[in-house]
Amino acid sequence: MAAVRAADDRTARKRISFYQTEPMRPLKFQLRPILRTILGLYLVLLGVLSLMPNPPQPPDIISWDKLEHALAYAVLGPLLFVVLSPRLVNRVRLLWAAGIAWGTGAMFEFLQGVLKLGRCFEWSDLVANLVGTLTGLVLMHLVIIWLRRETRY
């Protein structure tokens, strides 16, 4: 009877979504400091480009301001997710990554309005930051699901 109950427990655990119970496997110890450094440098780059009076313009292929915001924060969200503590459940890490990324964008937009550097605060930029962050996190989530399915078989 105990063996049947143990087998049922294992089967039930497999059916539970990884968001509810399983934290992501920790990255190798040597990789985490490198990713933190990349995150720090990326945040500095975002800050400089966000607060620069006349930021460089990309080629005509990507000349839309909102697309630039979305792409920048589509990278920041997943990068934050990977760097956050692997001890957190993935759902909590996703929420923290989304909140920190969007909060960073809100801070840079607020500073644009306050510092008067030739840039102005725009609500539409905040929306583009949020859309980019959520898009990046959803794509990363789909990659995680795909990788877990591939390693299972």
Side-chain angles (χ1 to χ4, degrees), residues 10 13-115 117-119 121-153:
R10 277 184 258 130
R13 271 190 240 129
K14 286 181 183 177
R15 279 183 271 161
I16 295 175
S17 166
F18 78 93
Y19 276 121
Q20 295 173 351
T21 59
E22 297 178 29
M24 192 170 144
R25 291 186 192 115
L27 296 171
K28 293 193 179 208
F29 181 74
Q30 300 83 3
L31 188 56
R32 190 156 301 281
I34 293 169
L35 289 173
R36 286 185 182 140
T37 303
I38 291 171
L39 174 63
L41 293 173
Y42 191 74
L43 286 171
V44 168
L45 176 67
L46 273 180
V48 167
L49 291 175
S50 294
L51 301 175
M52 184 182 287
N54 294 315
Q57 296 299 320
D60 288 339
I61 297 170
I62 307 175
S63 62
W64 303 308
D65 179 51
K66 303 312 172 238
L67 181 61
E68 294 167 2
H69 279 268
L71 289 174
Y73 286 86
V75 172
L76 181 61
L79 188 56
L80 281 164
F81 178 85
V82 171
V83 170
L84 286 171
S85 174
R87 291 183 211 138
L88 294 173
V89 176
N90 286 342
R91 176 181 43 192
V92 174
R93 285 172 66 190
L94 275 173
L95 292 174
W96 273 102
I100 292 170
W102 190 76
T104 301
M107 177 189 68
F108 288 145
E109 283 300 314
F110 176 75
L111 288 174
Q112 284 178 2
V114 171
L115 296 179
L117 297 171
R119 309 280 301 266
F121 176 88
E122 292 183 36
W123 285 102
S124 56
D125 286 348
L126 282 178
V127 172
N129 295 347
L130 181 61
V131 168
T133 298
L134 295 178
T135 301
L137 288 171
V138 165
L139 290 174
M140 185 209 52
H141 166 67
L142 293 174
V143 168
I144 289 173
I145 289 173
W146 180 74
L147 288 173
R148 288 189 178 199
R149 285 186 181 161
E150 290 296 314
T151 58
R152 206 178 305 164
Y153 298 110

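This chain uses plain numbering: 1 for the first residue, then up along the sequence. Being a predicted model, the structure only gives us computed values, none of them experimental.
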Mind checking whether [X] and [Y] have side chains closer than 4.5 Å, heavy atoms only?
| X | Y | value |
| --- | --- | --- |
| Gln112 | Phe121 | no |
| Leu126 | Leu130 | no |
| Leu139 | Thr135 | yes |
| Glu109 | His69 | yes |

If you compare all heavy atoms of [X] against all heavy atoms of [Y], which two are closest, and at what distance to 0.1 Å?
| X | Y | value |
| --- | --- | --- |
| Tyr42 | Val75 | OH-CB, 3.4 Å |
| Arg93 | Phe81 | NH2-O, 2.6 Å |
| Ala97 | Leu84 | N-CD1, 3.8 Å |
| Gly136 | Pro78 | O-CG, 3.4 Å |
| Leu137 | Leu94 | CD2-CD2, 3.7 Å |

key: Which residues share a side chain to side chain contact (heavy atoms under 4.5 Å, CB included) with Val143, sequence neighbours left out   =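 Here the qualifying residues are Leu147.
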First locate atom [atom1] of [X], then atom [atom2] of [Y], and finally report the distance between them rounded to the nearest 0.5 Å.
| X | Y | atom1 | atom2 | answer |
| --- | --- | --- | --- | --- |
| Ile34 | Leu39 | CD1 | CG | 14.0 Å |
| Phe108 | Asp125 | CZ | CG | 13.0 Å |
| Leu80 | Met140 | CG | CE | 10.5 Å |
| Ile38 | Leu43 | CD1 | CG | 12.0 Å |

request  = Scan Leu46, Leu71, Thr133 and name whichever one has a side chain to side chain contact (heavy atoms under 4.5 Å, CB included) with Leu76.
outcome  =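 The option that passes is Leu46.
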ask   = Would the number of heavy atoms belonging to other residues, nucleotides or ligands and lying under 6.0 Å from CZ of Phe110 be above 12?
value =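 No, not enclosed.
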